[in-house]
Amino acid sequence: MRASLLAMFVAAVSTAGVPASATSGALAPAGDGSWFAWGGRTRIEFNPDALRRLDLAIERVDGALERVPGVPGRRYDASEFAALAASDLQLNHRGAVLTGIGGGSLRHAGGLVLRHRGEVIDLRGFALRASPDTRLGLDLVDAQGRTWFTADHAHYGFEGDARDVFAMRHMNLRLAPRLAALLGARAGAPIGGLDLHASTSATFAPDGGTCDAPWPTPGNPAGISMIYGAVTWNGWSDSVYVKRDSGDCTPSSTNCRIVVNADSSLRNSGTTAVAWYEKFNRDQPGAEGVPQPPYGNDQHPYLIWNLYRVDAAGRIRQIGASGVKHAFYTVNFACTDPGCGPGHVIYPQCEDTYSNYNNDGSTYLGPRSEIVPHTAIWGRCGSIYDEDCDGVNDDGSGAQDLFQYRMVVDESDLLPPKATGARYYLEYWYVVRDDDAIYDSMAYREVAFGKSDLGTQPPSSAWDVTLVGDVPAGADYHAGSMLAHWVSPAVALVNAVNTELATPLGRARVAVRVRPAGSGHWRYEFAVANFDYAHAQVDPAHPSEPNLKLDANHGFVRFSVPLAAGAIVSDTRFDDADLDAGNDWAVATTTAAVTWSAPAGANSLDWGTLYHFEFVSTAPPADMDLGLVGAATASEGELPYVVPVRFGDTIFADGYDWIE
């Protein structure tokens with residue numbers, strides 16, 4: 001039965017009419033030059049939870065083309081204003097590729113008036129202009145030229161073949177130093193998002209080249225790598241943020257919920273083109289429902305992010321997990337070929353970026369359960385976006401508020417006693433079709449959380465997050481998985497090992513650490529990370545793309561550790577990724593093994609998730625064969641796997657090389 005399931009996926013790909021290569025239709029004019037953008041419209045969105053936290057109010061909105069009031073916890077506050085045709089913004093380019101924002105400014109009719117207690121910030125007649133010392137950053141200035149906000153991490157490009165509309169979309173909107181000082185906040189703190197669309201004078205000469213690369217094949221796979229996006233490119237370095245809280249955080253609260261997310265940047269480090277189409281192809285005029293190469297659908301990568309705590313005793317526990325962010329567009333920045341413009345294919349050696357505002361967007365977030373991660377195939381049919389399976393994005397689909405499918409963390413995981421002596425790590429990674437080197441598309445950063453009294457009545461407080469070791473900027477950024485930081489798979493350690501389980505349905509890793517526990521006892525710890533393993537059941541009525549429908553999609557349901565003869569076990573422990581004790585795995589100890597089992601039909605160890613298992617034994621460490629069991633489906637039984645653990649013998653100065 002498993003073979004027949006895999007055959008469905010193979011058939012879906014093999015019948016898609018895969019062409020030999022991807023070719024950009026953008027022709028590059030010779031040499032460097034400048035275009036100009038004028039008129040159009042700009043949309044400003046404020047995170048209402050950030051406004052509330054900063055005690056910053058929208059007092060009035062004048063001359064808006066469109067206005068949607070924000071609701072804390074539910075939707076952003078959005079206002080759209082017309083830009084004046086009598087002002088323009090210079091766009092510098094090399095070939096077809098934007099290299100930076102030059103002089104000029106884009107002035108607007110209308111604007112907002114903000115109030116912080118007794119202070120008024122009048123942004124009527126505001127303008128957008130180049131942000132100093134950045135290539136693609138913007139400053140939002142008032143009529144007197146004073147900077148109040150900055151915008152960065154743009155998705156930029158021309159709309160349509162006519163090249164008469166230029167857009168900078170999904171930008172972070174941040175507090176500029178002037179406003180941050182007024183609010184008593186951190187300069188650069190994100191507060192919302194910004195989009196602009198303007199008319200342009202762009203022309204393309206026919207003497208340029210085109211960007212061309214082959215599509216992935218089994219012998220030449222995709223090669224997407226997570227990278228650190230620096231300030232000179234984005235206008236602000238990639239970072240990590242607390243986006244909002246549940247509204248009940250006070251100086252003494254212990255169970256408030258907060259949302260954490262991050263900016264993300266990547267590079268196509270391979271030699272093949274990678275499809276990056278928006279779901280339902282909505283950003284491509286006239287292409288709704290038209291099959292797109294190389295898979296005949298709207299294939300795109302997916303972004304997820306996780307949060308881990310390593311406690312004072314060195315235990316690792318996952319305390320947060322996002323939903324899936326559906327990627328939809330690539331800016332193709334810093335390409336070696338100047339003919340590679342922005343669009344829906346990322347070409348070799350090109351880079352892309354997503355703002356935290358973008359990654360927080362309700363339109364592109366969904367559950368992980370809709371993705372078959374090892375193949376990076378989306379079960380669009382029956383998904384939250386297409387429940388009736390008609391191939392059209394349902395009205396009102398996606399996240400229904402500002403918490404759904406986000407990474408929500410309970411503040412009890414960030415407070416003493418759990419936080420005492422603990423360290424925290426955010427991990428994020430892209431799931432990319434035909435990319436076997438999955439650990440290249442992962443990265444992690446150490447972060448620290450803090451809670452501040454806002455001095456409001458009634459008393460409230462706000463959580464913030466900072467990067468640890470970020471000097472110089474980006475020094476805290478590390479490629480690879482967080483599990484590889486906890487126990488390195490590349491270095492032989494004493495009584496510790498990180499082993500991969502590779503199956504036709506995906507990969508997992510088991511990291512083992514064994515330490516003396518005194519009185520002839522040993523403490524065994526096992527961190528089981530399911531990276532992209534899923535035992536998926538496909539609806540027989542919808543077996544293939546683009547109408548693939550998933551009836552079930554689960555990971556592992558049982559973990560077993562063999563025991564040496566005569567071993568006595570105590571202090572068993574299980575840590576999953578939530579605070580619900582009612583769904584914890586049950587443990588059973590016999591003379592032969594310690595076995596943890598998931599509740600029937602619940603809390604399987606699904607992809608992108610890590611569980612921690614532990615016990616104390618009288619037996620010293622020895623090589624062993626661990627057991628992992630994949631969940632059953634309605635048509636297939638459970639799938640048993642063996643993970644061989646073979647300890648290394650390199651001894652470091654203190655005998656260990658672990659996070660403490």
Aromatic ring proximity, centroids under 6.0 angstrom, [Y] and [X]:
X    : Y    : value
Y277 : H300 : no
H93  : W35  : yes
Y385 : H326 : yes
H374 : F531 : no

Fill in: Aromatic plane relationship, Y428 with Y477 - under 30° parallel, 30 to 60° tilted, over 60° perpendicular
perpendicular
Cut-off 3.5 Å, side chains only: do [X] and [Y] have a donor facing an acceptor?
X    : Y    : value
D263 : S355 : no
Y228 : R445 : no
S441 : D435 : no
E45  : Y357 : yes
N356 : N172 : yes
R406 : S362 : yes
N583 : D578 : yes
D360 : Y76  : yes

Item to complete: For the pair D238 and T353, evaluate side chain to side chain contact (heavy atoms under 4.5 Å, CB included) and give the outcome as yes or no after the intermediate values.
Response: CA-CA 9 Å; D238 288 350; T353 191; 4.3 Å; yes
Item to complete: Decide disulfide (SG to SG under 2.5 Å) for C340 and C350; before the verdict, give the C-alpha distance in whole Å, the side-chain angles of both, and the deciding distance to 0.1 Å.
Response: CA-CA 8 Å; C340 300; C350 294; 4.3 Å; no
Item to complete: Under the side chain to side chain contact (heavy atoms under 4.5 Å, CB included) rule, collect the residues that match up with A334, sequence neighbours excluded.
Response: E351
Fill in: D298: partners by salt bridge (Lys or Arg N to Asp or Glu O under 4.0 Å), with sequence neighbours left out
none
Looking at [Y], I'd like to know if the NZ or CZ of [X] sits under 6.0 Å from its six-membered ring centre while staying within 45 degrees of the ring's axis.
X    : Y    : result
R257 : F403 : yes
R433 : Y295 : yes
R169 : Y329 : yes

Worksheet item: So, do H485 and Y425 sit near enough that their side-chain heavy atoms are less than 4.5 Å apart?
Response: yes
Worksheet item: Does a side-chain heavy-atom distance below 4.5 Å link N261 with S322?
Response: no
Worksheet item: Taking 4.0 angstrom as the limit, do E638 and R558 come out as a salt bridge?
Response: yes
Worksheet item: So, R244 and D49, do they make that salt bridge, N to O below 4.0 Å?
Response: yes
Fill in: Check: S199 main-chain N/O paired with D164 side-chain donor or acceptor under 3.5 Å
no
Fill in: Main-chain N/O of A376 paired to Y302 side chain as donor or acceptor, under 3.5 Å
yes
Item to complete: Only one of Y354, W276, Y364 passes ring-ring contact (aromatic ring centres under 6.0 Å, His included) with H155; say which it is.
Response: Y354
Discussion item. It should be assessed whether the SG atoms of C211 and C335 lie less than 2.5 angstrom apart.
Written reply: no
Discussion item. Taking ring-ring contact (aromatic ring centres under 6.0 Å, His included) as the definition, give me every residue that meets it alongside F46, ordered by chain and number, with sequence neighbours left out.
Written reply: F149
